[in-house]
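Report on one structure; see the data block that follows.
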Amino acid sequence: MMNIVAAILVLGILGAVFGAVLSVASKIFEVKKDPREEEILSHLAGANCGGCGYPGCGGCAAAILAGDAPVTACAPAGAENAAAIAKIMGQEAPSGERQVAFVRCNGGVNAKKRFDYIGVKDCISATKVAAGPLECSFGCLGFGSCVSACQFGAMSIGPNGTAVVDPDKCTACMACAAACPRKLIVSVPVSKKVRVTCANQDKGKGAMSVCNNSCIGCGLCQRECKKDAIHVVNGVAVIDYDKCVGCKLCTKVCPRDAILPAATAEEKEKYKAIKKAQAEKARAAAEAAKGE
């Protein structure tokens, strides 16, 4: 009996000693945490969506504190929280318009298929089967990888079979862009409504052969723009939003309706009539100048 009591006492003493050692060690080797990290974390969205490129909101807060990420790294947190984070970091509140995701494709049912895909309903999986079922190697596959990636309910597959964004719900976290194997999703200013709905870089005839809605790189939009805000780059029209004023002249001359908001047939005819009248007026002025 005495042996048992002695063993218990020894174990108790050893436990107390080891506990004291661990307590002292924890104090010596303690990594002091900057209290600002928790403050920053409290202003993040808390969705752990990964859109910032860091492992969850904790990783994002640590990166902001270390100066490796901007105070706007968490897009879902919004401008108000970004301003609060800037204040914590001793910086000026960031300025700039809210961004939203945009899918550069409006092909869907108008895009030609090489075969009917009946595998896993996922865009990445679909690309593993002969590079995907579409003739267009740039088009939206429509199986919703972006929809699954969006934690804010802002993505859906539209009536024509391509992914669309609800700008009222979009936080520009761009998790959808990371999930898209075709890299079709970009960030655009929410107020800018003129957008090119195509990413096909094939030459005109090649683009026309795979989709009825494809941009063919004809350059009519580029020549018509008075602000030098749209250019054909790698075979497809690209808008410079720093210059675009939303005049929509490019939409009225696009023969493929590849620029939103697509002009109606009536709007296009009216614009053609205006251009014709302007040309005739200029011609008459030129002839009158010659006769003088």
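Not measured: the values here are computed from a predicted model.
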Side-chain donor or acceptor of R114 paired with backbone N/O of G132 under 3.5 Å = yes
inquiry  = Would you say L141 ends up clustered with V164 if hydrophobic residues are merged whenever their side chains have heavy atoms under 4.5 Å apart, either directly or through other cluster members?
reply    = no
ask   = Between atom SG of C49 and atom CE of M174, what is the distance when rounded to the nearest 0.5 Å?
value = 11.5 Å
task = Verify the cluster assignment for V196 and V188: are they in a single hydrophobic cluster under the rule of side-chain heavy atoms below 4.5 Å apart?
result = yes
request  = Specify the closest pair of heavy atoms between C176 and A101, including all atoms of both residues, with the distance to one decimal.
outcome  = SG-CB, 3.9 Å
note = Closest heavy-atom pair, Y271 versus V253, reported as atoms and distance to 0.1 Å, is CE2-CG1, 3.8 Å
task = Mind checking the SG-CZ spacing from C215 to R104? Nearest 0.5 Å is all I need.
result = 11.0 Å
ask   = In this structure, are over 12 heavy atoms from other groups packed under 6.0 Å from K227 atom NZ?
value = no
query = SG/C140 to CG/L184 distance, rounded to the nearest 0.5 angstrom?
reply = 6.5 Å
task = Mind checking ring pair (Phe, Tyr, Trp, His ring centres under 6.0 Å) for F138 and listing every partner two or more places apart, or none if nothing turns up?
result = none
task = Enter the distance from S191:OG to E97:CD here, rounded to the nearest 0.5 Å.
result = 3.0 Å
ask   = Within the side chain of E267, is there an N or O that forms a donor-acceptor pair under 3.5 Å with the backbone of T264?
value = yes
key: Donor-acceptor contact below 3.5 Å, side chain R98 vs main chain G78   = no
query = How many angstroms lie between atom CD1 of I230 and atom SG of C225, to the nearest 0.5 angstrom?
reply = 7.0 Å
query = Taking R256 for the side chain and S214 for the main chain, is one N or O donor matched with an acceptor at less than 3.5 Å?
reply = yes
request  = Kindly say whether A258 contributes a backbone atom to a donor-acceptor pair with the side chain of T197 at under 3.5 angstrom?
outcome  = yes
request  = Taking atom NZ of K243 as the centre, report whether more than 12 heavy atoms of other residues, nucleotides or ligands fall under 6.0 Å from it.
outcome  = yes
ask   = How close do N48 and G56 get, heavy atom to heavy atom, and via which atoms?
value = OD1-CA, 3.3 Å
remark   = For residues 92-136, the ring-ring contact (aromatic ring centres under 6.0 Å, His included) pairs (sequence neighbours left out) are Y117-F143
task = Please tell me if the side chains of V236 and N200 come closer than 4.5 Å, counting only heavy atoms from C-beta onward.
result = no
Exercise answer: donor-acceptor pairs, residues 148-156 side-chain atoms, under 3.5 Å, sequence neighbours excluded:
from	atom 1	to	atom 2	distance (Å)
S148	OG	G144	O	3.3

key: Cluster link V210 to L134, ILVMFWY, side chain under 4.5 Å   = no
query = Members other than M208 in its cluster, when Ile, Leu, Val, Met, Phe, Trp, Tyr link by side-chain heavy atoms under 4.5 Å?
reply = I216
ask   = Which pair of non-hydrogen atoms, one from A47 and one from C57, has the smallest distance, and what is that distance?
value = N-SG, 3.8 Å
ask   = Are any of the side-chain nitrogens in D257 or K268 under 4.0 Å away from the carboxylate oxygens of its partner?
value = yes
message = So does V190 get a backbone contact from the side chain of K193, meaning a donor-acceptor N/O pair under 3.5 Å?
response = yes
Over 12 foreign heavy atoms within 6.0 Å of NZ, K248 = no
message = Tell me if a side-chain donor or acceptor on R182 pairs with a main-chain N or O of G139 at a distance below 3.5 Å.
response = yes
ask   = Who else is in the cluster with L65 when I, L, V, M, F, W and Y are joined by side-chain contacts under 4.5 Å?
value = I40, L41, L44, I64, V71, I85, I88, M89
request  = For K121, look at atom NZ and say whether over 12 heavy atoms of other residues, nucleotides or ligands are found less than 6.0 Å away.
outcome  = yes
query = What are the two closest non-hydrogen atoms of A82 and T72, and how far apart are they?
reply = CB-CG2, 4.1 Å
message = For residues 79-91, which residue pairs pass the side chain to side chain donor-acceptor pair (under 3.5 Å) check, not counting sequence neighbours?
response = H43-N81
task = Work out which heavy atom in K183 is nearest to a heavy atom in A178; give both atom names and the distance.
result = NZ-O, 3.8 Å
ask   = Any side-chain donor-acceptor pair under 3.5 Å between N110 and N160?
value = no
ask   = Would V194 and C250 count as a side-chain contact (heavy atoms from CB on, under 4.5 Å) if you check the C-alpha gap in whole Å, the side-chain angles of each, and the deciding distance to 0.1 Å?
value = CA-CA 9 Å; V194 179; C250 56; 3.7 Å; yes
ask   = Is the number of heavy atoms from other residues, nucleotides or ligands within 6.0 Å of CD (Q278) greater than 12?
value = yes
key: Distance, nearest 0.5 Å, that separates CD of E135 from CG of D202   = 10.5 Å
ask   = Under 3.5 Å, side chain of E224 to main-chain N/O of L249, donor-acceptor pair present?
value = no
message = Please determine whether residues V129 and I124 belong to a single hydrophobic cluster, defined as Ile, Leu, Val, Met, Phe, Trp and Tyr linked transitively by side-chain heavy-atom distances below 4.5 Å.
response = no
request  = Check whether L220 and V238 end up in the same hydrophobic cluster, where Ile, Leu, Val, Met, Phe, Trp and Tyr are linked by side-chain heavy atoms less than 4.5 Å apart.
outcome  = no
inquiry  = Within the structure provided, determine whether K112 and C211 are in side-chain contact (heavy-atom separation under 4.5 Å).
reply    = no
request  = Mark yes when over 12 heavy atoms from residues, nucleotides or ligands other than K276 sit less than 6.0 Å from its NZ; otherwise mark no.
outcome  = no
